[in-house]
Amino acid sequence: MVKRYRLGSAGAKEPVKTEAVIADIPESGSGSLFLTQKNGALEYEMPDDMIVYGLGEQTRGINKRGWKYVSNCSDDPNHNEGTQSLYGAHNFLLLSAGDFNVGVFIDTPAKVTFDVGYTRYGLLRITVADAEETAYDLYVMEAESPSETVREFRRIIGRSYIPPRWAFGYGQSRWSYDSAEEVREVVRRHREARLPLDCVYLDIDYMERYKDFTINRETFADFEQLVSDMEKEHIHLAPIIDGGVKVEDGYDVYEEGRANGYFCKDENGGDFIVGVWPGRCCFPDMLDDDARRWFGRKYKILLDKGIEGFWNDMNEPAIFYSEKRLKEVFGEIDAYKGRNLDVDSFFAFKDLVGSISNSEKDYASFYHTYRGKRIRHDKIHNLFGYYMTRSAAEAFEELAPEKRILLFSRASYIGMHRYGGVWQGDNISWWSHLLMNIKMMPSLNMCGFLYTGADLGGFGGDVTEDLLIRWLSFGVFTPLMRNHSARGTRRQEAYCFAGRTELFGGILRLRYRLLPYLYSEYMKAALQDGMMFLPLGFVWPEDEIARRTEDQLLVGESIMVAPVYEQNADGRVVYLPEDMKMLRFCGADIVEEKVYEKGHVYIRMPLGDVCIFLRRNRLLPLADSAEYTEAVDYRRPGIYAYGDAPEPYAYYMDDGRTKEYDCGRHIVYLTADRENA
């Protein structure tokens, strides 16, 4: 059951249409709303046993109680427990206590603050920044269980994006693959070491002076040949596309955008100029229908060269500086010259310089044309990354209508999940960011983002050998499995660690053994509005220990994982909500099978071991390993079972390339003896 409420101050303008919700839900009277409207906010008194799930890409735990979160797409790679905003804005909460399972979606592109027991632990308080000026829609959904409540929400926001099957293979990325020769070397070293690989991601290095839809012909002179040669190696190349277009006379993308008025405007109607990777840039007006179609069709330049995957970046949008703000700061800096910088003036000076990037003043000083009306950017800030990715996806529907194209984004809003996935933003080689990756998976699934994963090993900072091993050991389960790092950091390709190549190779080969199961569970979640990663409390809601466990996840219907995420740990305590069979993998091989009874147990997990816990009367299909996705035998996987009466496993298998999705046609039922499959 879903209800929609139109909220906001008396006389407020009509809501901004985000197109996050695609179902037609009639408006309900506010008298039936369980939230209290008080002092310009929505409030709810939470019982002590209530768990608050959701908010998609956010910091802290699966249970969001005790902190304040702000939906405001933000470029902040150094995020930690004190961070309130990340790259996505996902305004969905699920309140769960006993028989009370209620979902809440605040559909507005404005900044929304969720005080989930921060001011007072028992109080939920939601504040919409522009509620006095512009109304917004509140959707409330209720069902018998947390899973069904999420399903109700997912039904109204539409089917999740489905990538090509090769995008479930392992991907290697680094900002600093500076030439075609280096890309070839990366692939060669993976293949020689028998390290499975399906994709190499190209960061801004492949571009001509960081200009979108260009190629640096000095370092990638044979780009078309490179794509062709990589295809023969069963390797896909996936280039980055940034949200800013370089200001440069003679650059066709800039010239076309300027001539047709496709760029965001400043308060005087001129093109708004900001600094991003190439220096002075303009933002395409992603919310204007004509500009969005124009920008999306530019991807054809790379599609025509054989490219089948893209990742959209810097689309919060990130701003290094605006010319206006830069001028102001330089002027204010002069006042500090020759001064004795005491504690107050020093930190004021430091904050002044730090205020140049991603300034609130800048976001409030440029404009979009949306549905024929001029609207200031900060009023619709959270839609920019969503609509940039939508521009590409809509172009792909026109340019390659039968073909799945890999597409994911850094910034997002609910609704973008129909057009592409997300990676979980720039992160750091910290153990805490590995744990955050684990806890973020079910929250993103709730919001429709199924194709997701973190930069394995961490983007910034210097990864340690054990951290990369542990992160990859969890990454074998995430749909997007990408090792990505920044220029100037320690190299973290799997072949860079002397004496450990075989260990890394074993972990990667395990990923390919798991592909029949992971792909099947992903497709069922996408086509049936389900989740691939679930908190334990979704399946065992009466088990209070399971409800409060946040560092173990169910992956699909058959298995539970309990990753190690602490430095120097040789194992961990695992909670089993029911009897389960542990399958211990050393590399891609099962070296131990053992049944454990319900309860707590300490499991040794030395570096390189991956333990999977198979649920009672469930089946796990596993393939033989392979060096790339299309070499996996999906048609006759091996079957692992636990229990006296295993249920048939609904196994989804299609061609992995086209868009002919049909559970009725593509599901077969596997049994433990497999002779009846």
Side-chain angles (χ1 to χ4, degrees), residues 1-9 12-38 40-44 46 50-58 64 69-71 88-97 100-116 124-131 134-160 380 382-383 386 412-418 442-450 529-531:
M1 179 178 65
V2 180
K3 293 183 178 181
R4 177 175 66 88
Y5 302 90
R6 177 65 52 84
L7 301 178
S9 299
K13 295 182 293 187
E14 284 286 305
V16 175
K17 301 293 185 183
T18 67
E19 299 187 34
V21 174
I22 61 172
D24 184 15
I25 308 296
E27 185 177 346
S28 299
S30 60
S32 61
L33 179 62
F34 79 100
L35 296 159
T36 301
Q37 299 183 67
K38 187 176 180 181
L42 298 172
E43 295 187 353
Y44 176 70
M46 299 181 289
M50 176 164 282
I51 290 180
V52 181
Y53 298 102
L55 294 183
E57 185 178 296
Q58 262 294 2
K64 298 303 181 186
Y69 309 88
V70 180
S71 280
H90 307 138
N91 304 337
F92 173 73
L93 288 179
L94 170 57
L95 313 178
S96 180
F100 185 86
N101 294 287
V102 176
V104 175
F105 174 47
I106 310 289
D107 190 12
T108 175
K111 186 183 297 185
V112 183
T113 300
F114 297 88
D115 184 334
V116 192
L124 169 65
R125 194 166 196 271
I126 304 171
T127 308
V128 178
D130 291 334
T134 305
Y136 62 93
D137 283 331
L138 166 68
Y139 293 85
V140 176
M141 56 267 355
E142 186 173 0
E144 294 183 355
S145 68
S147 293
E148 280 303 310
T149 305
V150 170
R151 198 178 302 275
E152 287 288 321
F153 177 54
R154 296 276 303 284
R155 284 172 181 150
I156 70 170
I157 61 174
R159 192 188 69 203
S160 297
I380 45 82
N382 292 330
L383 296 185
Y386 163 15
S412 60
Y413 180 85
I414 291 172
M416 200 207 81
H417 72 286
R418 300 191 297 270
S443 301
L444 280 164
N445 278 197
M446 292 176 202
C447 297
F449 293 96
L450 299 181
D529 298 318
M531 296 169 60

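Position 1 is the first residue of the sequence; numbering continues from there.
Residue Ile414 holds its CD1 atom at 15.0 Å from CD of Glu19, rounded to the nearest 0.5 Å. Atoms CE and CD1, from Met46 and Ile51 in turn, are 12.0 Å apart once rounded to the nearest 0.5 Å. Summarising the geometry, atom CZ belonging to Arg6 is positioned 11.5 Å from atom CG belonging to Leu138; distances are rounded to the nearest 0.5 Å.
Applying the 6.0 Å contact sphere to CD of Glu27 captures more than 12 heavy atoms from other residues, nucleotides or ligands.
Side-chain atoms of Leu33 and Leu7, non-hydrogen and from C-beta on, do get closer than 4.5 Å to each other. Within the 4.5 Å cutoff, side-chain heavy atoms of Ile156 are placed close to those of Ile25. Counting heavy atoms from C-beta outward, Val128 and Ile106 have side chains that approach closer than 4.5 Å. Using a 4.5 Å cut-off on side-chain heavy atoms (C-beta onward), Val21 and Asp137 make no contact. For the pair Lys64 and Ser443, the minimum side-chain heavy-atom distance is below 4.5 Å. Contact annotation: the side chain of Val104 approaches that of Phe34 to within less than 4.5 Å [non-hydrogen atoms, C-beta and beyond]. Under the 4.5 Å side-chain criterion, counting only non-hydrogen atoms from C-beta, Tyr44 is in contact with Met50.
Not one N or O on the side chain of Ser9 forms a donor-acceptor pair closer than 3.5 Å with the backbone of Ala12. When atom types are taken as modelled, the side chain of Asn382 and the backbone of Ser71 share a donor-acceptor pair closer than 3.5 angstrom. Between the side chain of Ser160 and the backbone N or O of Gly448, at least one donor-acceptor pair lies under 3.5 Å. Judged by distance alone, with hydrogens and angles left aside, the side-chain atoms of Thr18 form a donor-acceptor pair with the main-chain N or O of Ala20 at under 3.5 Å. Judged by distance alone, the side chain of Arg418 and the main-chain N or O of Ile157 form a donor-acceptor pair under 3.5 Å. Side-chain N or O atoms of Tyr53 include none that pairs as donor or acceptor with a backbone N or O of Met446 at under 3.5 Å.
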Derivation and outcome, side chain to side chain contact (heavy atoms under 4.5 Å, CB included), residues Thr108 and Val16: CA-CA 7 Å; Thr108 175; Val16 175; over 6 Å; no
CA sep, side-chain torsions, deciding dist, call: His417, Ser412, side-chain hydrogen bond (donor to acceptor under 3.5 Å, both in side chains): CA-CA 8 Å; His417 72 286; Ser412 60; over 6 Å; no
Asp115 and Thr127: CA distance, side-chain angles, deciding distance, side chain to side chain contact (heavy atoms under 4.5 Å, CB included) verdict: CA-CA 8 Å; Asp115 184 334; Thr127 308; over 6 Å; no
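Taking each heavy atom of Val2 and Met141 in turn, the nearest pair found is CG2-CB, 3.8 Å. Closest approach of Gly88 to Glu57, counting heavy atoms only: N-OE2, 3.2 Å. When all heavy atoms are compared, the tightest approach of Pro109 to Leu383 is CB-CG, 3.5 Å. Contact record, Asn101 with Thr149: O-OG1, 3.2 Å, taken as the closest heavy-atom pair. The minimum heavy-atom distance linking Thr134 with Pro15 is given by the pair CG2-CA, 3.9 Å. Residues Glu152 and Met1 come closest through the heavy atom pair OE1-N, 3.2 Å.
Tyr139 and Asn91 share no side-chain donor-acceptor pair at under 3.5 Å.
Note on Arg159 versus Asp529: no salt bridge recorded, every NZ/NE/NH1/NH2 to OD/OE distance being 4.0 Å or above.
The residue from Phe153, Phe105, Phe449 that alone fulfils the ring-ring contact (aromatic ring centres under 6.0 Å, His included) condition with Phe92 is Phe153.
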